[in-house]
Peer 1: 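Please see the structure below; I have some questions.
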Amino acid sequence: MIKFLDLHKINERFREETDKRIKEVLDSGWYLLGKQNELFEKHFADFCGVKHCIGCGNGLEALSLIIKGYGFGPNDEIIVPANTYIASILAITQNGCSPVLVEPDIKTYNINPDLIEEKITDKTKAIMVVHLYGQAVEMDKIWALAKKYNLKIIEDSAQAHGAYYEGKRTGNLGDASGFSFYPGKNLGCMGDGGCVTTNDDKLARKIRAIRNYGSEQKYKNIYKGVNSRLDEIQAAILDVKLPYLDEDNKKRREIAKFYRENIKNPEIILPDTYDEKAHVWHIFAIRTSDREKLQKYLSDNDIQTLIHYPTPPHKQECYKEWNNLKFPITEKIHKEILSLPMSPVLTENEVQKVVEVLNEYRL
Ligand SMILES: *Cc1c(COP(=O)(O)O)cnc(C)c1O
């Protein structure tokens with residue numbers, strides 16, 4: 001069986017170093033917001049090219065902390081792509097804000113910058129861009145809109161650690177960015193984890209307090225905070241893995257290149273990129289008219305695939321109020337999309353086999 005993602009194999013490569021750093025934490029007897037957090041926050045901020053990194057519990061909370069940090073709430077609108085993972089939308093509704101959904105560009109699967117301006121109202125406070133599947137959003141038009149209407153740009157970088165847009169990394173393309181270190185992400189820990197990156201000193205300080213009960217000094221609560229901390233073991237693991245991230249992303253690019261050059265089947269639409277450095281291929285998503293048939297065919301041939309994602313947020317039961325809204329491009333993507341095996345530990349033989357099996361597929 002060719003696995004979609006072999007997490008054990010991914011993490012075994014760092015076993016000696018992670019064992020050592022985990023032992024350091026256990027020996028220290030200090031489990032939250034300590035030395036490992038400090039080290040990782042510094043290293044990840046440097047990696048992204050930003051001034052601040054604030055570790056937190058997970059990617060959803062990273063996005064939610066940014067919204068709280070800006071003080072957005074009821075009556076505020078945040079523009080967001082309709083085809084994103086549910087977490088982006090939950091971060092908005094959790095804080096009482098209204099998400100304003102915008103269709104993606106069918107070529108990049110990222111928010112269509114040309115459809116944003118018509119959705120801006122007096123209530124709009126921010127544009128949340130999502131670097132979906134690992135490809136950085138093309139920011140120039142969005143930067144211009146944010147400037148024109150005085151809006152914040154919040155990045156959801158949960159799928160795009162290390163991707164570039166015009167020489168800058170994700171995490172440094174807006175006012176503040178949320179990352180997830182869920183095990184399956186390009187930079188993943190061995191549990192839950194996340195962080196916020198920003199160049200805004202005031203926001204960073206506020207988020208640092210909010211994630212820890214709204215307190216800068218123990219038992220003095222200046223904000224109605226939350227408990228969302230990155231634990232020391234996860235920070236240590238991330239600090240071990242971070243130096244290898246660019247190399248791992250390079251391997252993903254090589255696999256994506258091989259897939260794109262060698263999969264030749266009229267039934268399959270391959271993903272595209274506007275710039276090799278913009279994409280870190282968290283997901284290699286193809287499209288096909290009969291997705292269920294192709295998925296079964298691949299499974300019968302011992303190739304595991306996943307779907308990111310089968311149902312768009314506006315069709316979910318939890319958002320009943322939007323179930324009748326129509327987002328045809330989003331709905332088409334969710335119906336046709338299928339994610340091929342993609343990870344830095346896939347072997348040449350495995351990648352070759354995926355290509356051969358796909359090239360023999362007939363509808
Ligand atoms: C994974 C993910 C999140 C949420 O991250 P968690 O750590 O699972 O909370 C948010 N947005 C996107 C686009 C994601 O892929």
Side-chain angles (χ1 to χ4, degrees), residues 4-5 7 40 44 53-68 78-95 97 99 101-102 104 108-111 126-137 153-163 170-171 173-174 176-197 207 211 226-231 233-235 237-238 241 249 252 271 279-285 306-314 316 318-319 330 333-334 337 339 342-343:
F4 174 75
L5 182 68
L7 284 176
F40 175 67
F44 196 67
C53 167
I54 305 123
C56 67
N58 55 59
L60 169 60
E61 286 171 357
L63 296 170
S64 182
L65 281 166
I66 295 169
I67 295 170
K68 284 182 171 52
I78 299 178
I79 288 172
V80 63
N83 63 321
T84 186
Y85 179 55
I86 193 85
S88 328
I89 313 280
L90 285 171
I92 297 171
T93 57
Q94 252 176 24
N95 287 288
C97 302
L101 305 178
V102 172
T108 62
Y109 305 123
N110 278 332
I111 192 165
I127 302 169
M128 185 184 284
V129 295
V130 184
H131 309 297
L132 202 68
Y133 304 147
Q135 173 150 252
V137 170
I153 296 176
I154 300 171
E155 295 174 77
D156 180 341
S157 305
Q159 301 192 355
H161 319 66
T170 58
L173 299 176
S177 172
F179 283 90
S180 164
F181 303 120
Y182 177 79
K185 308 293 186 183
N186 287 30
L187 179 61
C189 53
M190 299 184 196
D192 273 315
C195 79
V196 173
T197 61
I207 287 176
R211 75 163 169 183
V226 299
N227 174 2
S228 182
R229 299 175 295 223
L230 180 62
D231 73 65
I233 288 181
Q234 302 308 333
I237 291 166
L238 290 166
K241 291 179 72 176
N249 283 341
R252 287 173 182 270
H279 213 321
V280 292
W281 302 100
H282 173 59
I283 302 283
F284 190 93
L306 295 179
I307 299 168
H308 299 91
Y309 299 88
T311 309
H314 72 280
Q316 296 287 355
C318 66
Y319 291 125
T330 296
I333 291 169
H334 284 75
I337 210 105
S339 308
M342 170 56 78
S343 87

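Both counts, for ligands and for their atoms, begin at 1 and track the order of listing. Numbers here are sequence positions counted from 1. If you're wondering where the values come from, they're calculated on a predicted model, not measured in any experiment.
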Peer 1: Looking only at protein heavy atoms, identify the closest one to atom 1 (C) of ligand 1 and say how far it is in Å.
Peer 2: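 Protein heavy atom with the smallest distance to atom 1 (C) of ligand 1: K185 NZ, 1.7 Å.
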Peer 1: Between the main-chain N or O of L132 and the side-chain N or O of N110, is there a donor-acceptor pair closer than 3.5 Å?
Peer 2: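 Side chain of N110 to backbone of L132, a donor-acceptor pair under 3.5 Å: yes, one is there.
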Peer 1: Should you measure from each heavy atom of N58, which atoms of ligand 1 turn up under 4.0 Å away?
Peer 2: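 Every atom of ligand 1 under 4.0 Å from some heavy atom of N58: 7 (O), 9 (O).
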Peer 1: Could you check if a side-chain atom of V226 sits within less than 4.5 angstrom of a side-chain atom of K68, using non-hydrogen atoms only?
Peer 2: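 Sidechains of K68 and V226: in contact.
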Peer 1: N/O to N/O below 3.5 Å, does that happen between F181 and ligand 1?
Peer 2: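 N/O-N/O distance below 3.5 Å does not exist for this pair.
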Peer 1: Which one holds for D156 and ligand 1: side chain close, backbone close, both close, or neither close, with close meaning a heavy atom under 4.0 Å?
Peer 2: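 For D156, the contact with ligand 1 is made by the side chain alone.
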Peer 1: Below 4.5 Å, heavy atoms only, C-beta onward: do Y85 and D156 meet side chain to side chain?
Peer 2: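 Y85 vs D156: side chains apart.
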Peer 1: Looking only at N/O atoms, are T84 and ligand 1 under 3.5 Å apart anywhere?
Peer 2: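 In this structure, T84 places no N or O atom under 3.5 Å from an N or O of ligand 1.
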Peer 1: Taking Q316 for the side chain and T311 for the main chain, is one N or O donor matched with an acceptor at less than 3.5 Å?
Peer 2: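 Yes; judged by distance alone, with no hydrogens or angles, the pair exists.
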Peer 1: Determine, considering heavy atoms only, which of A87, C56, G59 sits nearest to atom 6 (P) of ligand 1.
Peer 2: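 It is G59 whose heavy atom sits nearest to atom 6 (P) of ligand 1.
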Peer 1: Going by heavy atoms in the side chains, are N58 and S180 under 4.5 Å from each other?
Peer 2: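 Heavy-atom side-chain distance check fails, nothing below 4.5 Å.
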Peer 1: Would S180 count as a polar contact of ligand 1, with the cut-off being nitrogen or oxygen pairs under 3.5 Å?
Peer 2: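 Among all N and O atoms of S180, at least one is under 3.5 Å from an N or O of ligand 1.
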Peer 1: Would you check if the distance from the ring center of Y133 to the ring center of H308 is below 6.0 Å?
Peer 2: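 Distance test on ring centres: not under 6.0 Å, no.
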Peer 1: Check the angle between the aromatic planes of F181 and F44 and answer parallel, tilted or perpendicular using the 30° and 60° thresholds.
Peer 2: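 Rings of F181 and F44: perpendicular, as their planes differ by over 60°.
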Peer 1: Under 3.5 Å between any N/O of D192 and any N/O of ligand 1: does that happen in this structure?
Peer 2: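 No, no N or O pair falls under 3.5 Å.
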Peer 1: In the protein, which heavy atom is nearest to atom 9 (O) of ligand 1, and how far is it?
Peer 2: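 Among all protein heavy atoms, the one nearest atom 9 (O) of ligand 1 is L60 N, 2.9 Å.
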